[in-house]
Protein chains: 4
Amino acid sequence: MNIPSGMSPRASKRRDIERAALALFGTRGFHGTSMPDLAEEAGVGPGTIYRHFESKEALVNEMYQHWKAKMASEVYANLPVDVPWRERFRALWRGLFQFDADHHGAIDFLDLQFHSDYLDASSRALEQQSATLLFTMITMAQAEQIVVDLPPPAVVALVYSSFVGLVRAQREGYLTLDDALIDAAEERVWAMIRR
Amino acid sequence: MNIPSGMSPRASKRRDIERAALALFGTRGFHGTSMPDLAEEAGVGPGTIYRHFESKEALVNEMYQHWKAKMASEVYANLPVDVPWRERFRALWRGLFQFDADHHGAIDFLDLQFHSDYLDASSRALEQQSATLLFTMITMAQAEQIVVDLPPPAVVALVYSSFVGLVRAQREGYLTLDDALIDAAEERVWAMIRR
Amino acid sequence: MNIPSGMSPRASKRRDIERAALALFGTRGFHGTSMPDLAEEAGVGPGTIYRHFESKEALVNEMYQHWKAKMASEVYANLPVDVPWRERFRALWRGLFQFDADHHGAIDFLDLQFHSDYLDASSRALEQQSATLLFTMITMAQAEQIVVDLPPPAVVALVYSSFVGLVRAQREGYLTLDDALIDAAEERVWAMIRR
Amino acid sequence: MNIPSGMSPRASKRRDIERAALALFGTRGFHGTSMPDLAEEAGVGPGTIYRHFESKEALVNEMYQHWKAKMASEVYANLPVDVPWRERFRALWRGLFQFDADHHGAIDFLDLQFHSDYLDASSRALEQQSATLLFTMITMAQAEQIVVDLPPPAVVALVYSSFVGLVRAQREGYLTLDDALIDAAEERVWAMIRR
DNA sequence: CATGAATGAGTTTTCATTCAT
DNA sequence: TATGAATGAAAACTCATTCAT
């Protein structure tokens, strides 16, 4: 068997399951993905999934929280401070696309499970937390007269959904998101929200 | 029973089913909605659905095509011609939100079923058609140097996902989309895509 | 299809399921009986059971309560009053065996599910009620110096388990419980508990 | 680890498994007890059970035969000979309760597995043997006009089920079986079966 | 035409058993 | 020898669909 170095076989199977779940939940959705399908995609028996996750719901929630947290730590937590807002925005925008490139399917997964009724309190709390962080950032930039004076949730919606829109368009084959396009889009999105 | 005037009881039941399907498919998704649930929401027996639609897939496809077509005819087909692009864009933007206001849940429904594997060739063709129409519009505006020189699918993605993002934000309770906000957003989105 | 007269086909299926459940739960036990087996024994599809009973646990609890109540009404409620205790006891004893003869398998069923952890509060309450009724009866007879002065639960255990023991012995093929044997046993059991 | 003196670690684990099996099979039943649960209760890994017993069925059968045999040797084989029947009965009765006190749960276990379809030929043979021994004893006493003239299986059923009934009543918390109660019950049960 | 009870294939989940460590 | 992760067959249960009424 081919086990990634430095990983126990058990942990490796868990990874396989998580990988399969990210791919299938992110394309077919939670209810559109059956556990046998998931097992086959992961290359394990159906019973094996239940040695790693309590239930299908527990699996999707653990995944959701994992990726929400990863996004927070890889994108939001690493934004430069003490630089002009313009530059912070560029770092945010590039961070988002970098995250998408580094973790294929994660954005699709998060977007598709967004606000589904099988998400538990923990997942919703993380969701809230991310949103609040972005609202706060916008509010600060507005206080400095840098960003347009729309309700912060509106600004966040405009920016974030633009990002997701481009990622989706690429997934559907309408686009290729290279650095040039990402930067060009960044300029335009900034134009949308700057004062 | 209360039957809308000018509508046969049969047609009225079909409406009830369509209404229920729009609401449930648009919130819980296709696989997350069961036919018995749909029937109950519509106030009909489960068997009745099958007198109007061949199958669950046929139902969602008919719905998808219905609303895609309705959107094309109510929003895209009524855009003013022989007016400046700026004004056409404003009409488009307002038309989108008007459509959302007139047909509660329709945007959520279309967005959630987007590019799902249970959509058939017909649905995909309509999807294509709508997209192509928008791409063409953008291409024309770019030829006149009005709109920024990004790939048309990117421009469409930016605009349309901004619209959907605002609608979603309202659904989640983060926003109220009144005319003032819609117009303010319009200005900013136009700022994003104008040359 | 052969439907008992005066019974809707729906009610008839429910009867079939109840009959099958009494037989299988009473011989193989709750956990030893699978829903597909139950369905086959009842001559219905597995899904049909769930249109009549919420779950396997709900089924066994409804059955338990049904038969406990039936036993109370057919055996305990019809005991003669204003007759000597000797006669009441004979009526009780004969009533128990009559119940067993009338409702084949019911005693085995009740005995096998007795105090199982899948019985719910309602079932346990009925159990309690039956027990209390018997304890009270014994206490009264003791007050009149008719019955031996053991703790009432002990007296009830001796009598009731003697009854069940005979029924079991018949089921295993060791005995045939005809009237003569039942009456002879009654005399001996009375000898056991009389003062 | 705490290993009983004079016992190999292997034998000690086997004891742990047997102890766990007695407790769980005797309360939840054979089908209601899972091998992982059994392993946890025994404090061993699930795989370990299979180094000692071929299968779950083999385990329950070995247990059944073990306890049936133990009961025969500890209770039936030690009955005094050349003493009046009255005294032999007292010894039997006390022996039964002594056995229950010495081997907590064994009576519940034997009673619950009684005549289950997973018991094999060996187990059934031992069952038969025990029964026959008791039938013979009763027949002899009847020949001496000591015991009432019911079919021997009926007499055995009355006595043995009275014993089990008292043990059950204690398990359910209705009674405490102290020596006084046991002796008082013995007197009454003897009154039931004596000529 | 509308209904809803019935169905059985398919779902999520459990568990007796195996086997690499 | 003991382990416990992995397995897949089978369990409880759901649901799209049918059809007798």
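Predicted, not measured: the structure shown is a model, and the values here were computed from it. Just so you know, these numbers use all the heavy atoms, side chains as well, and skip hydrogens, waters and symmetry mates. Below, chains carry the letters A, B, ... as their sequence lines are ordered, and counting in each starts from 1.
Here F:dT14 presents its C1' atom at 14 Å from CZ of B:Arg28, a figure rounded to the nearest Å. In this structure, A:Ile49 places its CD1 atom 16 Å from P of F:dA9, rounding to the nearest Å. Rounded to an integer number of Å, the gap from CD of A:Glu40 to P of F:dT7 is 13 Å. Atom CD in D:Glu57 sits about 15 Å away from atom C1' in E:dC15, given to the nearest Å. If you take CZ of A:Phe30 and C1' of E:dT11, they are 12 Å apart, rounded to a whole angstrom. Atoms CD1 (D:Ile17) and C1' (F:dT3) sit 12 Å apart, rounded to a whole Å. At whole-Å resolution of the value, CG in B:Leu59 and P in F:dC15 are 16 Å apart. A:Phe53 places its CZ atom 15 Å from the C1' atom of F:dA5, with the value rounded to the nearest Å.
Contact annotation for A:His52: backbone-only contact, meaning every heavy-atom pair under 4.0 Å involves sugar-phosphate atoms and none involves a base. Within 4.0 Å (heavy atoms only), B:Thr48 reaches at least one base atom of the nucleic acid.
Near DNA chain F, defined here as any heavy-atom distance below 4.0 Å, there are no residues from residues 113-120 of chain C.
Taken from CG in B:Leu119 to CG in B:Leu126, the straight-line distance is 10.5 Å, to the nearest 0.5 Å. How far CD of C:Glu127 is from NE2 of C:His115: 5.5 Å, rounded to the nearest 0.5 Å.
Between C:Glu62 and C:Arg14 there is a salt bridge, since a side-chain N of the basic residue sits under 4.0 Å from a carboxylate O of the acidic one. Comment: A:Asp111 engages B:Arg168 in a salt bridge, judged by a side-chain N to carboxylate O separation of less than 4.0 angstrom. Between C:Lys13 and C:Asp16 there is no salt bridge, since no side-chain nitrogen of the basic residue lies less than 4.0 Å from a carboxylate oxygen of the acidic one.
Atom CD of C:Glu40 sits in a sparse spot, with 12 or fewer heavy atoms from other residues, nucleotides or ligands closer than 6.0 Å. Atom NE2 of D:His104 is surrounded by 12 or fewer heavy atoms from other residues, nucleotides or ligands within 6.0 Å.
Checking C:Tyr118, C:Tyr64, C:Phe109 one by one against C:Phe30, the ring-ring contact (aromatic ring centres under 6.0 Å, His included) holds for a single residue, C:Tyr118.
Taking only side-chain atoms of D:Pro36, from C-beta outward, the nucleotide of E:dA16, F:dA2, E:dT17 with the closest atom is E:dA16. Counting only heavy atoms from C-beta on, A:Tyr50 has its side chain closest to E:dT12 among F:dG8, F:dA2, E:dT12.
In terms of position along DNA chain E, the nucleotide closest to C:Arg51 lies nearer the 5' end than the nucleotide closest to the other residue of the pair C:Arg51 and A:Met35. Map D:Gly47 and D:Asp37 each onto its nearest nucleotide of DNA chain E; the residue landing nearer the 5' end is D:Asp37. Sequence order on DNA chain F of the closest nucleotides to B:His31 and A:Gly45 puts A:Gly45 first from the 5' end.
Across all strands shown, E:dT21 forms a Watson-Crick or G-U wobble pair with F:dA2, both key distances being under 3.5 Å. Nucleotide F:dA12 is matched to E:dT11 when pairs are restricted to Watson-Crick or G-U wobble geometry with both distances under 3.5 angstrom.
Contact between the side-chain N/O atoms of C:Lys56 and the OP1/OP2 oxygens of F:dA11 is not found at any separation under 4.0 Å.
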